[in-house]
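Right, one structure below, let's go through it.
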2 protein chains.
Amino acid sequence: MDPGVADVTVRDAVTVRDTATRGTATRDVTLRDVARASGCSVATVSRVLAGTRPVGADTARRVRAAAEELGYRPNHAARALRSRATGTVGLVLPQITNPFYPALVRELTHALHAEGRAVLLADCDDDPVAEAGYIDDLLARRVDALLVVPADERRSRDAVAAAAARVPLVLMDRGCGPGVADSVAVDNSAGMALVLDHLAATGRRRVWFVGAEGTASAAAERRAAYAAGAAVLDEGAAGRIALGDFSVAWGRAAVDLVWEARPDALVCANDLIAVGALQRLQQLGADVPGDVAVTGFDDIPMAALAAPGITTVRQPVPELAAEATRLLNQRLAGGEEGPQRAVRLAPELVVRESSGPRPTAAGDERGAEAAPGDRRGPAEAPGRATRVPAPRQVTGPE
Amino acid sequence: MDPGVADVTVRDAVTVRDTATRGTATRDVTLRDVARASGCSVATVSRVLAGTRPVGADTARRVRAAAEELGYRPNHAARALRSRATGTVGLVLPQITNPFYPALVRELTHALHAEGRAVLLADCDDDPVAEAGYIDDLLARRVDALLVVPADERRSRDAVAAAAARVPLVLMDRGCGPGVADSVAVDNSAGMALVLDHLAATGRRRVWFVGAEGTASAAAERRAAYAAGAAVLDEGAAGRIALGDFSVAWGRAAVDLVWEARPDALVCANDLIAVGALQRLQQLGADVPGDVAVTGFDDIPMAALAAPGITTVRQPVPELAAEATRLLNQRLAGGEEGPQRAVRLAPELVVRESSGPRPTAAGDERGAEAAPGDRRGPAEAPGRATRVPAPRQVTGPE
DNA sequence: TGCGATGCGGCAAACGTTATCAGCGGGCCA
DNA sequence: TGGCCCGCTGATAACGTTTGCCGCATCGCA
């Protein structure tokens with residue numbers, strides 16, 4: 001029909017920088033090329049490929065065939081310029097090397113890619129100033145939306161609020177002051193309650209909390225939840241609190257502070273603290289869980305890999321990611337006027353050896369099943385873990 | 001001078017979706033606005049802001065002032081469309097949850113952001129098919145270049161090669177068959193040699209290698225380097241090899257396979273294997289390092305945090321990132337015709353407790369200095385680590 | 001058979017930059 | 001003093017899409 005089809009890919013061949021490696025680069029095919037090949041107009045091609053408006057059945061077929069044959073790939077830059085949407089989401093993290101975030105990044109990127117978006121990543125190294133810079137850059141790059149785990153409860157606030165005024169923005173994991181933007185996080189109180197219930201049920205009575213100072217949501221909420229729930233165990237528990245930061249080093253140090261009080265359980269505000277505490281306890285010759293139970297929070301990979309495996313509160317990472325993207329999509333779909341929403345998801349208690357039963361003087365009954373042969377299994381701790389979900393999702397308006 | 005300045009930001013105010021949260025959004029300022037405000041043409045403004053061509057001193061000043069005052073931010077989409085360069089780099093990873101990669105991502109993003117680029121991240125979940133899809137998408141988004149850690153030595157090859165034909169591409173960490181693209185990785189042989197030298201110097205003689213099967217570069221090169229270097233220790237060492245995969249589970253299982261042979265050192269092909277081996281050894285009541293030394297490879301955070309800390313080969317992550325960006329920039333600057341380059345960087349041995357001296361029946365002499373007080377320190381293992389660099393960087397043409 | 005509605009397709013104008021080309025002064029040299 | 005060159009600036013045409021608007025058949029209905 002149209003004799004000009006065959007030469008489309010060759011015509012106008014532009015030698016970009018001639019020479020070797022990249023070969024003789026031809027212009028990449030545009031809508032115009034597809035239009036010419038399929039014998040209709042650019043507008044029609046655009047419509048059938050983007051599906052924006054119904055178009056005749058066999059015209060559509062011709063277009064699709066031509067596009068396929070020429071290997072047409074839409075130019076996102078042009079599309080972004082014209083339609084004012086890049087199909088891109090910015091993800092701003094405080095520290096990708098914090099062992100909790102890789103799993104979150106994984107789930108977020110998968111969820112977003114599944115709906116055709118791409119993810120621009122920024123790691124701001126726990127520096128709110130750098131964070132503000134990255135946010136600015138991402139906005140200049142015209143991201144459609146932002147996902148932010150703020151570096152600092154207070155000092156991130158201005159930049160985040162300013163960004164939230166320009167694009168849909170969802171805070172994750174950490175708060176950033178009230179009324180700034182939609183947010184998604186784990187229900188820290190429910191998680192702490194799961195831990196305390198478990199310890200109560202297994203007969204622990206002299207419990208200490210090893211937490212972190214500061215006003216960041218994880219630190220403050222877990223601390224408060226412990227204080228509120230521990231009184232049930234015994235009178236003094238609510239007051240037995242040692243505060244440092246969220247590090248392994250502090251976990252080690254804390255043991256030296258509280259060990260002479262002979263606790264029978266250490267409730268740590270996150271897994272890193274628990275790892276440190278466990279190490280120091282073992283150095284001191286304590287039997288975990290015989291003498292003392294240790295629990296963490298977050299369920300980072302290391303918690304499962306420690307020996308004994310650490311009982312911890314697992315954050316529902318896939319659900320957090322799904323909820324965050326859901327919120328984003330809702331805002332992007334025009335729900336910009338709705339009230340801000342703070343979603344809290346229920347965590348799950350993962351019971352491992354570090355809080356096992358006290359009397360059954362744990363000998364070597366476990367680990368035997370980790371025989372050579374099951375090399376392919378996931379890197380789980382040898383002992384079997386029991387999972388206890390919290391009551392279902394709590395979503396509250398601000 | 002120009003009385004029309006003040007109304008620039010207000011004129012043409014377009015209510016994007018009117019209503020609440022986002023406020024009444026005004027058009028964002030363009031070159032035209034700056035031009036009008038500074039009383040010159042768009043072309044001139046573009047020139048002074050992009051610095052593409054010299055422009056009169058005070059014109060430049062006027063333009064910059066106007067841009068500043070109006071809060072002009074260049075539109076990357078338009079720029080990308082016109083200049084055929086997006087200022088973005090695609091980063092394709094096999095598994096962000098692999099504990100070695102977060103540090104790499106961190107360094108890469110910092111290095112790239114420092115030169116004004118943004119990073120599009122894709123995690124392909126160890127699936128070469130998904131990987132090909134992500135690469136395709138990134139190319140359609142017109143990334144200027146790609147950084148790829150291929151998921152599979154063989155099955156990633158076609159997609160990577162095809163991509164390398166379209167944009168500058170640097171392979172990292174893992175190979176992808178010969179002649180595909182520039183690559184940057186650690187010198188696995190040198191690393192293994194460091195380990196073997198160290199073990200020889202500390203009197204270990206009955207050494208076993210716990211490695212991984214397969215043809216991937218890390219597995220094959222470390223295996224080969226062990227076989228080549230172990231003969232120096234004693235006659236049989238080169239043959240004492242157990243192969244599984246790169247997991248904690250295999251590390252545990254391997255101990256059960258080799259323990260009855262009473263080795264005095266286990267050389268593990270990476271840190272995850274070493275963690276598993278260490279756990280199982282401790283379960284069996286073995287003294288590490290008294291009875292047996294354990295070494296790893298990579299220096300993931302967990303290696304420092306294990307108790308005892310694991311002696312390992314540290315990959316020079318910042319240097320790997322710097323080298324990769326250097327290679328990219330070189331290609332982007334037009335060096336597309338040069339021969340492919342395979343850069344190998346020298347690693348460093350980090351000696352921790354797991355390979356400590358044998359005789360000094362390690363009691364509790366360490367750990368005491370981890371007194372409460374130094375809560376702020378980095379999450380390092382309590383014992384002091386010694387670092388031994390390998391001879392300097394080896395870069396070889398393909 | 002005439003007329004409005006409807007469905008499909010084309011034309012052309014944006015989107016905000018960069019790059020090419022030409023104009024227009026002023027200085028320098030003859 | 002006239003011609004040339006050069007340094008600076010302004011118009012303007014792209015870059016590849018999307019989209020509003022209009023025309024043209026076709027179809028149903030009276």
Side-chain angles (χ1 to χ4, degrees), chain A residues 2 8 12 14 16 25-64 66-67 70-88 139-142 144, chain B residues 2 8 12 14 16 25-63 66-67 70-87 139-142 144:
Chain A
D2 182 342
V8 172
D12 264 346
V14 174
V16 177
T26 57
R27 261 179 54 271
D28 30 34
V29 307
T30 78
L31 279 187
R32 268 184 43 146
D33 300 322
V34 179
R36 211 169 306 185
S38 62
C40 60
S41 77
V42 227
T44 307
V45 176
S46 168
R47 286 195 271 256
V48 45
L49 260 32
T52 33
R53 247 179 44 180
V55 73
D58 66 328
T59 328
R61 207 172 317 115
R62 279 210 322 280
V63 167
R64 257 185 276 273
L70 297 182
Y72 170 75
R73 312 259 20 207
N75 183 322
H76 282 248
R79 180 174 293 185
L81 175 59
R82 176 63 231 226
S83 60
R84 328 186 71 67
T86 53
T88 301
L139 288 177
R141 295 196 125 91
R142 299 301 198 275
D144 293 341
Chain B
D2 182 343
V8 171
D12 263 347
V14 174
V16 178
T26 56
R27 263 177 53 272
D28 30 34
V29 308
T30 78
L31 279 187
R32 268 184 43 146
D33 300 322
V34 178
R36 210 169 308 185
S38 63
C40 58
S41 76
V42 237
T44 307
V45 176
S46 169
R47 286 194 272 256
V48 42
L49 261 31
T52 34
R53 255 179 38 183
V55 72
D58 65 329
T59 326
R61 207 173 316 114
R62 280 211 322 281
V63 167
L70 297 181
Y72 170 76
R73 313 259 18 207
N75 183 322
H76 282 250
R79 182 174 292 184
L81 175 59
R82 179 63 232 226
S83 60
R84 330 187 68 71
T86 54
L139 288 177
R141 295 195 125 90
R142 299 301 198 274
D144 293 341

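So that the names make sense, note that chain A is the first sequence line, chain B the second, and so on, each numbered from 1.
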Interatomic distance, [X] [atom1] vs [N] [atom2] [rounded to whole Å]:
X      : N      : atom1 : atom2 : value
B:L49  : C:dT17 : CG    : P     : 9 Å
A:R73  : D:dT17 : CZ    : P     : 12 Å
B:D58  : D:dC8  : CG    : P     : 12 Å
A:R62  : C:dC8  : CZ    : P     : 14 Å
B:R142 : D:dC15 : CZ    : C1'   : 11 Å
B:L70  : C:dG16 : CG    : C1'   : 15 Å
A:N75  : C:dC15 : CG    : C1'   : 13 Å
A:D33  : D:dG16 : CG    : P     : 9 Å

Counting side-chain heavy atoms from C-beta on, which of D:dG16, D:dA11, C:dG9 comes nearest to A:R82?
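Among the listed nucleotides, the one closest to the side chain of A:R82 is D:dG16.
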Which nucleotide sits closest to the side chain of B:S83: D:dC15, D:dT19, C:dT18?
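Selected nucleotide (nearest to the side chain): C:dT18.
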Among B:T30, B:L31, B:D33, find the residue that satisfies the side chain to side chain contact (heavy atoms under 4.5 Å, CB included) test when tested with B:V42.
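Among the candidates, only B:L31 passes.
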Given that B:A78 and A:T44 both sit by DNA chain D, which one's nearest nucleotide is further toward the 5' end?
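Here B:A78 is the residue nearer the 5' end.
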Residue whose nearest DNA chain D nucleotide is more 5′ - B:A43 or A:L31:
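Comparing both residues, the 5'-ward one is B:A43.
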When you check the phosphate oxygens OP1 and OP2 of C:dG10, does a side-chain N or O of A:S41 lie under 4.0 Å from one of them?
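For C:dG10, OP1/OP2 do have a side-chain N/O of A:S41 under 4.0 Å.
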May I ask you to evaluate whether B:S46 reaches the phosphate of C:dG16, defined as a side-chain N or O under 4.0 Å from OP1 or OP2?
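Indeed not, no polar side-chain atom of B:S46 lies that close.
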Using only modelled atom types and a 3.5 angstrom limit, is any donor from either the side chain of [X] or the base of [N] paired with an acceptor on the other?
X     : N      : result
B:R47 : D:dG10 : yes
B:R79 : C:dT17 : no
B:R53 : C:dT20 : no

Short question: side chain of [X], backbone of [Y] - any donor-acceptor pair under 3.5 Å?
X      : Y      : value
B:T52  : B:A50  : no
B:R142 : B:A140 : yes
A:R141 : B:G87  : yes

Check the pair A:L49, A:Y72 against side-chain contact (heavy atoms from CB on, under 4.5 Å), reporting the backbone distance first and the verdict last.
CA-CA 10 Å; A:L49 260 32; A:Y72 170 75; 3.6 Å; yes
